[in-house]
Amino acid sequence: MADETADRAAGRDFIRDIVQADLDAGRQSAIVTRFPPEPNGFLHMGHAKSICLNFGVAEEFGGRCHLRMDDTNPTKEEQAYIDAIKRDVEWLGFTWGAHYYHASDYFEQLYDWAVHLIKAGKAYVDDQSQAEMRHSRGTLTEPGTNSPFRERPIAESLDLFQRMRAREFPNGTRVLRAKIDMASGNINLRDPVLYRILHAEHPRTGTAWCIYPSYDYAHGQSDAIEGVTHSLCTLEFEDHRPLYDWFLENLPVPSRPRQYEFARLNVTHTVLSKRVLTELVRGGHVVGWDDPRMPTLAGMRRRGVPPEAIRDFVKRVGVAKANSIVDYGMFEFSVREILNKSAQRRMAVLKPLKLVIENYPEGKVEEMVAANHPEDPAAGSRMVPFSREIYIERDDFMEHPPKKFFRLSPGKEVRLRYAYFVTCKEVVKDARGEIVELRCTYDPETRGGNTPPDGRKVQATLHWVSAAQAVEGEVRLYEHLFTRPDPDATNFADEINPNSLEVVANAKLEPAIAADNGNSPVQFERLGYFHLDQDSKPGKPVLNRTVGLRDTWAKVSGTKTPAGGTKR
RNA sequence: UGGGGCGUAGCCAAGUGGUAAGGCAGCGGAUUUUGAUUCCGCCAUGCGGAGGUUCGAACCCUCCCGCCCCAGCCA
């Protein structure tokens, strides 16, 4: 009972409350939402919030959600972005079925409606230059002044508008404006532009048009045409709502959608601005839109973030109207939450230190049984080769350990996971004093890593890879793209983290990794979750660390990096 | 100084007149062949501030403070 209320509360927000109320009151009988991206860049985490909201609400209330490309500005939009957007929405786990649209599908209807407004004396063609319009618009505190063309005869506006469409005028020479109120406190109502002249090729309509509708003029009417009931957008459109409503009230539209606004998503140590992301790509700060450090869906996919994790994250964040910046750690939690359950376990050594077991026969190789998932017996097991010479992690040995260090040090005994207990007998150094090798002994009675008959315990279990059978691979470790939690979007270049990518050229991987299907997530025990990168070549895998494991020791020892990864 | 919004814990976020949900982070402790996972417990006498109404206020009223958005022929 208490659980039920808690669950209900968890999946509830002011948007869903409104939808429910509309249904209960009979104002709507079926819910229709839409996700309307502009194809001028790749989708990112912020879009994921909107996608989950729009598709989620439709799903929960038995309605439908449309995917609509908001393609009203051909100077910025590309087919390649359209393709990427569709791919990413599907990857996130949503389908639009037959309801795939473009604002450009409605260009003819929008044009007819513009004519309708002109005929009704509610729109006029303005010949002012862009600068003149800017001046006459007034300021935040001063009202604007009417255009000298505002009262020109309807027939003249009609004629001019038709000639605008007929390609008679160059870019920027005239616009069609709504006749509303140049003195409105809401600047969006000071005779907003409905159409501008843009001699540009459109990805879908080609050169059929040289005048294009503005966002404000196109959006609400597109919603109305599609029968959208709830048009959900972000807070900055709040003061566009009176304009959204004005069009719907002054045009013979087939339905009456309502716009509601919610706070966009912000996450610490990253930037969710298409402008900045575009500059990161164009400026070569990242390898592309799908760089694993990018907060784009494509970047996260390449990094190994499962779509379920993004959905889980968005659900935890919730939907409200307060501006907020969510801690990146919350996102990492969701990623681990999903990956812990789905990832099979493997062993890999990133910074190898050779360990020789003196009392283990030379040339002997044993196959040790290792569970693929300790919490899921159904995942089965695999065999891992073990021999006299193995690699362990350099960080797992300290010659002069502090008190709380549980791992290997001179004279100390630890467990090698699924193998044996070993004791460190000697530290071998090179001429420069660098530790190059550890000489150890093993206890045959601990085979499989089991506690010996005398009941001896060890404080630590280490991961390892047999030297002779190790597969070499490249491992890429990531940290935040930005050093500051709240990067300045106008001056971001200085705040890019120079250490956001660390390449481990020759990591030692257990042989099973080479045989793994690249699409399945993997946990390298004690190191984190990894995902095969598209840069992999036969015999030379490249793995991205999706996220590290929670690392209490790093916190205690002070080696925790800003990105939550562990220095290895 | 015009218009539109928003302020509940370090970070998200419920709550809409009956005495502050939940999650993340953090801190304890148990279990553990991953310092992981899992499991238990702790974590706002307080809801931006000050008044007021009321038996009772985070919720209602008044004033004040702070933050965000808007002056594209971008979306």
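Values in this document were obtained by computation on a predicted structure and should not be read as measured data. Order of the sequence lines sets the chain letters (A, B, ...), proteins ahead of strands, with each chain counted from 1.
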Step through it carefully: locate the ring centre of A/His269, locate the ring centre of A/Tyr328, and say whether they are under 6.0 Å apart. no

For the pair A/Arg150 (side chain) and A/Val125 (backbone), establish whether a donor and an acceptor sit closer than 3.5 Å, ignoring hydrogens and angles. no

Is there aromatic stacking of A/Trp553 against B/G35, centre distance under 5.5 Å, plane angle under 30°? yes

Need to verify one output field. Residue with the more 5' nearest nucleotide on RNA chain B, A/Gln128 or A/Val317? A/Val317

Side-chain donor/acceptor of A/Ser129 to backbone N/O of A/Glu132, under 3.5 Å: yes

Listed nucleotide nearest any side-chain atom of A/Glu238, set B/C68, B/G4, B/C74: B/G4

Out of B/A71, B/A36, B/C69, which has the shortest distance to the side chain of A/Thr139? B/A71

Categorize A/Ile325 for me: base, sugar-phosphate, or nothing, with a 4.0 angstrom heavy-atom threshold over every strand shown. sugar-phosphate

So which heavy atom on A/Ala371 is nearest to which on A/Arg345, and how close? O-CB, 4.3 Å

Considering every strand and a 4.0 Å limit on heavy-atom distances, what is the contact class for A/Gly172: base, sugar-phosphate, or nothing? base

Give a yes/no answer on whether the side chain of A/Ser214 brings an N or O atom under 4.0 Å of OP1 or OP2 in B/G72. no

Could you check whether A/Asp327 gets within reach of a base, just the sugar-phosphate, or nothing at all, counting any heavy atom under 4.0 Å? sugar-phosphate

Just call it for A/Arg177: base, sugar-phosphate, or nothing, with non-hydrogen atoms closer than 4.0 Å on any strand. nothing

Measure from the side-chain heavy atoms of A/Thr552 and tell me the nearest of B/A71, B/G35, B/U34. B/G35

Answer yes or no: does a side-chain N or O of A/Lys555 lie under 4.0 Å from OP1 or OP2 of B/G26? yes

Between A/Gln459 and A/Glu142, which has a closest nucleotide on RNA chain B that is more 5'? A/Glu142

Which part of the nucleic acid, if any, lies within reach of A/Asn450 when heavy atoms closer than 4.0 Å are counted: base, sugar-phosphate only, or nothing? base

Residue A/Val326, side-chain atoms from C-beta onward, closest of B/C74, B/C12, B/G2: B/C12

Name the closest nucleotide to the A/Met330 side chain, picking from B/A13, B/C24, B/G3. B/C24

Measuring from the side chain of A/Arg417 (C-beta onward, heavy atoms only), which nucleotide among B/A75, B/G35, B/U34 has the closest atom? B/U34

Any side-chain N or O of A/Arg550 below 4.0 angstrom from OP1/OP2 of B/U37? yes

To the nearest angstrom, the CD-P distance between A/Gln221 and B/A75 comes to 13 Å

So does A/Arg241 get a side-chain nitrogen or oxygen closer than 4.0 Å to the phosphate oxygens (OP1/OP2) of B/G4? no

Nearest-angstrom distance from the residue atom CE of A/Met182 to P of B/G2: 19 Å

B/G3 versus B/C11 - spacing of their P atoms, nearest Å: 31 Å

Determine the Euclidean distance between corresponding P atoms of B/A36 and B/G28; express it in Å to zero decimal places. 13 Å

Does A/Val458 reach a base, just sugar-phosphate, or nothing at all? Heavy atoms under 4.0 Å. nothing

Mind checking A/Tyr195 for me? I need base, sugar-phosphate or nothing, with any heavy atom below 4.0 Å counting as a touch. nothing

Mind checking whether A/His219 and A/Tyr215 have parallel, tilted or perpendicular rings, split at 30° and 60°? tilted

Counting any heavy atom closer than 4.0 Å, what does A/Phe333 reach on the DNA or RNA strands: base, sugar-phosphate only, or nothing? sugar-phosphate

Take atom OH of A/Tyr215 and atom P of B/G72, then tell me their distance rounded to the nearest Å. 18 Å

Take atom P in B/G41 and the same atom in B/G5, then report the distance between them in whole Å. 43 Å

When the P atoms of B/G66 and B/G49 are compared, how many Å lie between them, rounded to an integer? 15 Å

Within a radius of less than 6.0 Å around CZ of A/Arg447, do more than 12 heavy atoms belonging to other residues, nucleotides or ligands occur? yes

Indicate, with a heavy-atom threshold strictly under 4.0 Å, whether A/Lys274 touches base, sugar-phosphate, or nothing. nothing

Mind calculating the distance between CZ (A/Phe524) and C1' (B/A36) to the nearest angstrom? 16 Å

For atom C1', what is the distance between B/G48 and B/C68, given to the nearest Å? 15 Å

Assign A/Phe237 to base, sugar-phosphate, or nothing according to its heavy-atom contacts below 4.0 angstrom with the strands shown. base

Do any side-chain nitrogens or oxygens of A/Arg137 fall under 4.0 Å of OP1 or OP2 in B/G72? yes

Whole angstroms only, please: what is the CG-C1' distance between A/Asp13 and B/G15? 14 Å

N or O in side chain of A/Thr461 less than 4.0 angstrom from B/G35 OP1/OP2: no

Protein-nucleotide distance (A/Arg336, atom CZ; B/U37, atom P), rounded to Å: 8 Å

I need the CD-C1' distance between A/Glu132 and B/C73, as an integer number of Å. 13 Å

Is any N or O donor-acceptor pair between the side chain of A/Asp239 and the base of B/G3 shorter than 3.5 Å? yes

For the pair made of CD in A/Gln344 and C1' in B/U37, what is the distance, rounded to whole Å? 16 Å

Could you tell me whether the phosphate oxygens of B/C6, OP1 or OP2, come under 4.0 Å of any side-chain nitrogen or oxygen in A/Arg264? no

Would you say B/C74 has OP1 or OP2 under 4.0 Å from some side-chain N or O of A/Arg196? yes

Which way is the base of B/G26 turned, syn or anti, if we draw the line at 90° from 0? anti

Remember a base hit wins even if backbone is also touched, and classify A/Gln523 as base, sugar-phosphate or nothing at under 4.0 Å, heavy atoms. base

Ring centroid separation for A/Tyr212 and A/Phe107, is it under 6.0 angstrom? yes

Would you indicate what A/Ser324 reaches in the nucleic acid, counting non-hydrogen atoms under 4.0 angstrom: base, sugar-phosphate, or nothing? sugar-phosphate

Among B/G2, B/A75, B/C24, which nucleotide sits nearest the side chain of A/Leu140? B/G2

Applying a 4.0 Å non-hydrogen cut-off, can you work out what A/His219 is touching in the nucleic acid: base, sugar-phosphate, or nothing? nothing

Report the distance from atom CG of A/Asp239 to atom CG of A/Leu189, rounding to the nearest 0.5 Å. 9.5 Å

Remember a base hit wins even if backbone is also touched, and classify A/Glu375 as base, sugar-phosphate or nothing at under 4.0 Å, heavy atoms. base

Indicate the ring-plane relationship of A/Phe247 and A/Tyr217, choosing parallel, tilted or perpendicular according to the 30° and 60° boundaries. perpendicular

Measure from the side chain of A/Thr141, starting at C-beta and using heavy atoms only, and say which of B/C73, B/U1, B/C74 lies closest. B/U1

Measure across A/Arg177 and A/Asp126 and return the closest heavy-atom pair with its distance rounded to 0.1 Å. NH2-OD2, 3.0 Å

With the side chain of A/Glu38 defined as its heavy atoms from C-beta on, choose the nearest nucleotide among B/C68, B/A75, B/G3. B/A75

Ignoring hydrogens and angles, are the base of B/A75 and the side chain of A/His240 linked by a donor-acceptor pair under 3.5 Å? yes

Can you tell me how far C1' in B/A50 sits from the matching atom in B/A13, rounded to whole Å? 27 Å

What nucleotide among B/A14, B/C70, B/C73 has an atom nearest to a side-chain atom of A/Ala320? B/A14

